[in-house]
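Here the structure comes first, spelled out in structure tokens, and everything after it is commentary.
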Amino acid sequence: MRKPAIIEAPSVLGLRPTGVEDLPAALLGAGLAEGLGAVHAGRVEPPAYDPERDPDTGVLNAGGIAAYSVALAGAVGDVLDDGRFPVVLGGDCSVLLGTLLALRRRDRHGLLFLDGHTDFYQPSAEPAGEVASMELALATGRGPRVLADLEGRGPLVRDEDVVALGFRDAEESAAHGMQPLPPALHAWELGTVRALGAAEAARRAVGLLSGGGADAGYWVHLDIDVLDDALMPAVDYRQPDGLTWQELETVLRTALSGAAAGLTVTVFNPRLDPDGTLAQRLGDCLVRAFDSQG
């Protein structure tokens with residue numbers, strides 16, 4: 001595997017400033033860079049947060065997220081040009097748009113989407129207008145054009161080039177009226193992952209993402225709330241159940257052993273981890289997943 005390079009992306013434009021913006025500092029403070037043997041490739045600062053929902057798009061900070069996505073794409077592109085493996089530390093899930101824009105500028109890529117939620121809301125159904133609940137829809141070209149067609153390159157990833165793995169929000173999203181996932185998108189809820197076993201589910205996901213038209217690799221997006229809430233309570237939108245630490249490590253290890261192009265880590269809230277125990281545990285999990293690649 002290429003040597004990792006860490007990019008700090010502390011944007012909460014798609015959520016709210018609750019503490020998620022402190023994720024990069026917490027993981028770096030827990031020794032993640034040293035554990036990965038990673039270089040520091042910079043920090044992309046977000047524009048000012050606007051708490052007012054945009055009347056035209058129905059979302060928060062639409063213009064700010066669009067601008068931030070372009071800036072983050074530039075930083076990720078620089079790391080890729082240097083022959084390194086970008087590890088992007090968010091921030092909220094809206095940073096996914098910038099990472100996928102970097103790949104879209106180059107070729108057709110896939111996406112392994114590890115999240116406790118499907119994040120496929122349309123603005124009219126998202127209660128607070130938070131892009132962090134709709135980034136997968138936007139990445140696949142659905143939603144306000146300012147975000148769904150960045151640089152005129154939308155969709156950033158095709159439906160058939162996505163595997164969403166480990167989500168468990170079907171009842172909640174249906175109650176809010178979220179649009180359905182498209183049939184071509186590979187959607188494996190937590191029960192499916194458990195039935196297959198984490199190792200087999202990850203193996204099949206990598207097989208799908210490594211074939212077809214997306215033969216240039218795939219991005220791995222990790223929202224920490226894919227973990228079991230009892231193990232990882234330091235997230236803003238909690239729900240019961242989720243992957244164990246071992247299951248997550250298994251999935252990441254398998255994904256990183258394939259044609260992964262980069263990794264995003266999002267939504268961990270250090271303010272809900274006052275003694276740093278969870279930050280250390282998360283960092284250790286990531287380091288072990290990378291270490292297995294030799």
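A donor-acceptor pair is defined here as one N or O able to donate and one able to accept, closer than 3.5 Å; no such pair exists between the side chain of Q280 and the backbone of L278. Between the side chain of Q122 and the backbone N or O of Q179 there is at least one donor-acceptor pair closer than 3.5 Å. When atom types are taken as modelled, the side chain of E247 and the backbone of T244 share a donor-acceptor pair closer than 3.5 angstrom. Judged by distance alone, the side chain of S173 and the main-chain N or O of A170 form a donor-acceptor pair under 3.5 Å. Counting only distance, with no hydrogens or angles, the side chain of D223 and the backbone of G116 share no donor-acceptor pair below 3.5 Å. Remark: the backbone N or O of I7 is not paired with any side-chain donor or acceptor of H40 at under 3.5 angstrom. The main-chain N or O of G64 is never found under 3.5 Å from a side-chain atom of N61 such that the two would form a donor-acceptor pair.
Using a cutoff of 4.0 Å between basic side-chain nitrogens and carboxylate oxygens, E151 and R105 are scored as salt-bridged. Taking a cutoff of 4.0 Å between a charged side-chain nitrogen and a carboxylate oxygen, R168 and D229 do not qualify as a salt bridge.
Atom CG of L27 is separated from atom CG of L32 by 5.5 Å, given to the nearest 0.5 angstrom. To the nearest 0.5 Å, atoms CE (M134) and CD (E126) are separated by 5.0 Å. In this structure, OH on Y218 lies 13.0 Å from CG on D161, to the nearest 0.5 angstrom. Here CG of L150 is found 11.0 Å from CZ of R145. Values are rounded to the nearest 0.5 Å. Note that the SG atom of C285 and the CG atom of L252 stand 6.0 Å from one another [nearest 0.5 Å]. Between the CG atom of D291 and the CG atom of D284 there is a distance of 10.0 Å, given to the nearest 0.5 Å.
By the rule that hydrophobic residues join a cluster once side-chain heavy atoms approach within less than 4.5 Å of another member, L97 and V79 end up as members of one cluster. The hydrophobic clustering, which links ILVMFWY residues whose side-chain heavy atoms are closer than 4.5 Å, places L13 and L23 apart. Connection of M178 to V162 is established within a shared hydrophobic cluster, with ILVMFWY side chains joined at heavy-atom distances below 4.5 Å, either directly or through further cluster members. Note: the hydrophobic cluster containing L196 does not contain L248 (ILVMFWY, side chain heavy atoms under 4.5 Å, direct or indirect links). L103 and V220 sit in two unconnected hydrophobic clusters of ILVMFWY residues. Membership requires side-chain heavy atoms under 4.5 Å apart, directly or through other members.
Sorted pairs that involve residues 5-28 and meet ring-ring contact (aromatic ring centres under 6.0 Å, His included), not counting sequence neighbours, are lacking altogether. Residue pairs meeting the salt bridge (charged side-chain N to carboxylate O under 4.0 Å, His left out) criterion with at least one member in residues 72-96, sequence neighbours excluded: D81-R106.
Closest of all the heavy-atom pairs between L209 and L112 is CD1-CB, 3.7 Å. Contact between E52 and D50 at its shortest, heavy atoms only, is N-OD1, 3.0 Å. Considering all non-hydrogen atoms of both residues, V70 and L101 come closest at CA-CD2, 4.0 Å. The two residues V59 and A62 have their closest heavy-atom pair at CG2-CB, 3.6 Å. Looking at every heavy atom in both residues, A73 comes nearest to A102 through O-CB, 3.5 Å. Of all heavy-atom pairs between V206 and G258, the closest is CG1-CA, 4.4 Å.
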Practice problem: Verify side-chain contact (heavy atoms from CB on, under 4.5 Å) between S94 and L15, making sure each step is shown before the conclusion. | Solution: CA-CA 8 Å; S94 67; L15 192 62; over 6 Å; no
Practice problem: Any chance you could lay out the side-chain hydrogen bond (donor to acceptor under 3.5 Å, both in side chains) test for E130 and Y237, step after step, and finish with the verdict? | Solution: CA-CA 12 Å; E130 295 173 349; Y237 286 111; 2.8 Å; yes
Practice problem: Given side-chain contact (heavy atoms from CB on, under 4.5 Å), test L190 with R194 step by step and report yes or no. | Solution: CA-CA 6 Å; L190 179 63; R194 287 268 165 76; 4.0 Å; yes
Quiz item: side-chain contact (heavy atoms from CB on, under 4.5 Å) between L111 and H221: does it pass, once the steps are laid out?
Solution: CA-CA 7 Å; L111 171 65; H221 172 75; 4.0 Å; yes
Self-check item: Stepwise side-chain hydrogen bond (donor to acceptor under 3.5 Å, both in side chains) check, D225 with H117
Solution: CA-CA 8 Å; D225 68 20; H117 305 84; 3.1 Å; yes
Practice problem: Apply side-chain hydrogen bond (donor to acceptor under 3.5 Å, both in side chains) to the pair R142 and T140, showing each step before the final yes or no. | Solution: CA-CA 6 Å; R142 297 168 175 87; T140 56; 2.9 Å; yes
Quiz item: What do the steps show when you test D241 against D228 for side-chain contact (heavy atoms from CB on, under 4.5 Å), and what is the final call?
Solution: CA-CA 5 Å; D241 210 353; D228 192 319; 4.1 Å; yes
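Counting heavy atoms from C-beta on, the side chains of V157 and W219 never come closer than 4.5 Å. Using a 4.5 Å heavy-atom cutoff, the side chains of I6 and P24 are not in contact. Under the 4.5 Å side-chain criterion, counting only non-hydrogen atoms from C-beta, L185 is in contact with L136. Within the 4.5 Å cutoff, the side chain of L156 has no heavy atoms near those of the L96 side chain. Considering only heavy atoms from C-beta on, F268 comes within 4.5 Å of D273 through its side chain. Counting heavy atoms from C-beta on, the side chains of L28 and L89 come closer than 4.5 Å. Between E135 and T266 there is no side-chain heavy-atom pair separated by less than 4.5 Å. Side-chain contact check for L286 versus V87: every heavy-atom pair is 4.5 Å or farther apart.
Annotation for E171: atom CD does not count as buried by contact number, only 12 or fewer foreign heavy atoms lying within 6.0 Å. Shown here is R271, whose CZ atom has more than 12 heavy atoms of other residues, nucleotides or ligands within 6.0 Å.
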Without placing hydrogens or testing angles, list every side-chain donor-acceptor pair under 3.5 Å for residues 41-48, not counting sequence neighbours.
| residue | atom | partner | partner atom | Å |
| --- | --- | --- | --- | --- |
| R43 | NE | E45 | OE2 | 2.5 |
| R43 | NH1 | E8 | OE1 | 2.5 |

